[in-house]
Amino acid sequence: MAFSLYSHILTHKSLKPNNFTYPSLFKACGSHPWFDHGRALHTHVFKFLEPPYDHFVQASLLNFYSRYGKLSLSRYLFNQICKPDLATWNSILAAYARNTSIDLSVDALFLFNEMQNSLIRPNEVTIVALIGVCADLGALSQGTWAHAYVLRSNLRLNRFVGTALIDLYAKCGCVDLANQVFDQLPHKDTLCYNAMIRGLAIHGHGRKAVDLFDKMRWEGVRPDDVTLVVVMCACAHVGLVEEGLKCFESMKEVYGIEPKLEHYGCLVDLFGRAGRVREAEEMVRMMPMKPNAVLWRSLLGASRLHGNLELGEVALKHLIQLEPETSGNYVLLSNIYASINRWDDVSRVRKLMKDHGVDKTPGCSLIEIGGAMHEFIMGDKTHPHSKEIYLKLEEISRRLHAHGHRPRTKEVLFDIEEEEKEDALSYHSERLAIAFALIASDSNAPIRIIKNLRVCGDCHVSTKLISMIYDREIVVRDRNRFHHFRNGTCSCLDYW
DNA sequence: CTAGGGTTAG
């Protein structure tokens, strides 16, 4: 291995490594088994190089740690650089972009702001990181600003920037814009297609996704394992079972791609969503690797969708083993019990949660109004316009009621009075965000919301009605996909 | 020209 040769050189006394040896070594240590080597290398840097360290070396060091998820260490090292240059700025921003947490993404935006204050001019690499952060946040106007910056500053709209933009627009609910960028790219590689196919998938355009997959091969762009994942995911979300199966079966022979856990996961989801629960279960038993939490959760989702209790119970049993602290799993099964009035079982699941010390993750919705992001936590009253928002919520509830909507209180986990349950539902974070948007944005532009959890059954029904009553398009990004509410219907066709 | 950059089942 080239690596051991390098370590040999490093330990050789007569060969003193210089600023150019280290970065390539850190890069080589950036994947799986070589974390310890990279750490050892870091110690070498201290021994052999005199501070101040070269930026080239610093950047590669930041990068190395962030690839192993050690963001705070990267940040610590970054803070010690007194005058960061373009490379070090890009490295730290890329480190933040690798992380999807909301708080860290917000930190990244502040960091970018700081970079601009330091008068270092961003290049394509900076913008790619920035766009990635915006995509995670669903910060459409910040992302659009970044796009405009590329055009204004004569940066190249290369395939890196292009892919990031496609992903941004798709994750902000604007598939058409994603498509426009996609069409403008002169040289599209596999990743460009993957991002676009995935974008179509999360918006429920399964047929278009499959067509694009066909076009991709027609254009001679080679599909990879990710392509197959996103195409099968697109099929699963619109019930194109045969198409999805065909993809899976052709993977190995036609494309020479060995199916991984994700592909089996897609297959299970494909069957599960379509109500072919038997086949889904059989697949779990037959597959050559051990099913993980994502896969069991997809089965749990299928059992909710099709009311298959036994399957749900089996799935939760496995989920408790694999991730005992994820509240969503318990809530999902509890809701299935509640929907068929098995209250004893509901309390049993609640007790299970207590035993494992699990609290329900609070729902959180983000919405962008006038270029600023607003965050709402379920039931929170900390927003400066809280008073108006709650007045609006009352109005919404009244109008929903007038349209015959009765809150589906069965899905409320807690053992509380019926009236309080209704409140709990109408204070779900996306409802707060919708109320605020109805007050604060006077245009007819769609209301775009980013949620940390899945939409609950009651919110799904109510939001459909709200879109009709207020004649407003509402676009909600779920934990895994989009819902376009319009005129009382949802683009997911209630199949989520 | 050169470090740093894009997609991934629920």
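Since the model is a prediction, treat every value here as computed from it, not as a measurement. In what follows, chains are A, B, ... by sequence order, proteins preceding strands, each numbered from 1.
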Handout entry: pi-stack flag for A:Phe160 and B:dG5, centroid dist under 5.5 Å, interplanar under 30°
Key =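 By the stated criterion, A:Phe160 and B:dG5 stack.
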Among the nucleotides [options], which one has an atom lying closest to any side-chain atom of [X]?
X	options	result
A:Arg273	B:dG10, B:dA9, B:dG6	B:dG10
A:Val226	B:dG10, B:dT8, B:dG4	B:dT8
A:Val125	B:dG10, B:dG4, B:dA9	B:dG4
A:Arg67	B:dA9, B:dT7, B:dG5	B:dG5

I need the [atom1]-[atom2] distance between [X] and [N], as an integer number of Å.
X	N	atom1	atom2	value
A:Leu200	B:dA9	CG	P	15 Å
A:Met115	B:dG4	CE	C1'	10 Å
A:Leu261	B:dG10	CG	P	13 Å
A:Leu228	B:dA9	CG	P	13 Å
A:Asn99	B:dG6	CG	P	13 Å
A:Ile120	B:dA3	CD1	C1'	14 Å
A:Phe271	B:dG10	CZ	C1'	18 Å
A:Trp89	B:dG5	CH2	C1'	17 Å

Classify [X] by what it touches in the nucleic acid, base, sugar-phosphate, or nothing, heavy-atom distance under 4.0 Å.
X	result
A:Asp224	nothing
A:Arg297	base
A:Val229	sugar-phosphate
A:Asn292	base
A:Lys171	sugar-phosphate
A:Ala59	nothing
A:Ser298	sugar-phosphate
A:Leu86	base
A:Arg159	base

Practice task
Indicate, yes or no, whether a donor-acceptor pair under 3.5 Å links the base of B:dG6 to the side chain of A:Asn158.
Solution key: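 Absent.
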Problem - Approximate separation, where rounding is to 0.5 Å, of A:Ser153 OG and A:Ile127 CD1 - result: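 Result: 7.0 Å between the selected atoms.
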Handout entry: Proximity of A:Tyr96 and A:Phe112 rings by center, below 6.0 Å
Key =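 Centroid distance A:Tyr96-A:Phe112: not below 6.0 Å, so no.
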Within the pair [X] and [N], is there a side-chain N or O less than 4.0 Å away from OP1 or OP2?
X	N	value
A:His263	B:dT8	no
A:Arg198	B:dT8	yes
A:Lys188	B:dT7	no
A:Asn123	B:dA3	no

Exercise for the section: Walk me through it: do A:Ser105 and A:Leu137 pass the test side-chain contact (heavy atoms from CB on, under 4.5 Å)? Expected result: CA-CA 7 Å; A:Ser105 302; A:Leu137 279 174; 3.6 Å; yes
Handout entry: Mutual orientation of the aromatic rings belonging to A:Tyr330 and A:His356 [parallel < 30°, tilted 30-60°, perpendicular > 60°]
Key =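 Geometry flag for A:His356 against A:Tyr330: tilted rings.
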Problem - A:Arg121 atom CZ: more than 12 heavy-atom contacts under 6.0 Å - result: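 Result for CZ/A:Arg121: open.
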Exercise for the section: Would you tell me whether A:His237 and A:Arg481 have side-chain atoms, one donor and one acceptor, within less than 3.5 Å of each other? Expected result: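 The criterion, which ignores hydrogens and geometry beyond distance, is satisfied for A:Arg481 and A:His237.
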Practice task
Could you point out which residue of A:Tyr255, A:Tyr264, A:Phe271 forms a ring-ring contact (aromatic ring centres under 6.0 Å, His included) with A:Phe248?
Solution key: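 With A:Phe248 as partner, ring-ring contact (aromatic ring centres under 6.0 Å, His included) holds for just one option, A:Tyr264.
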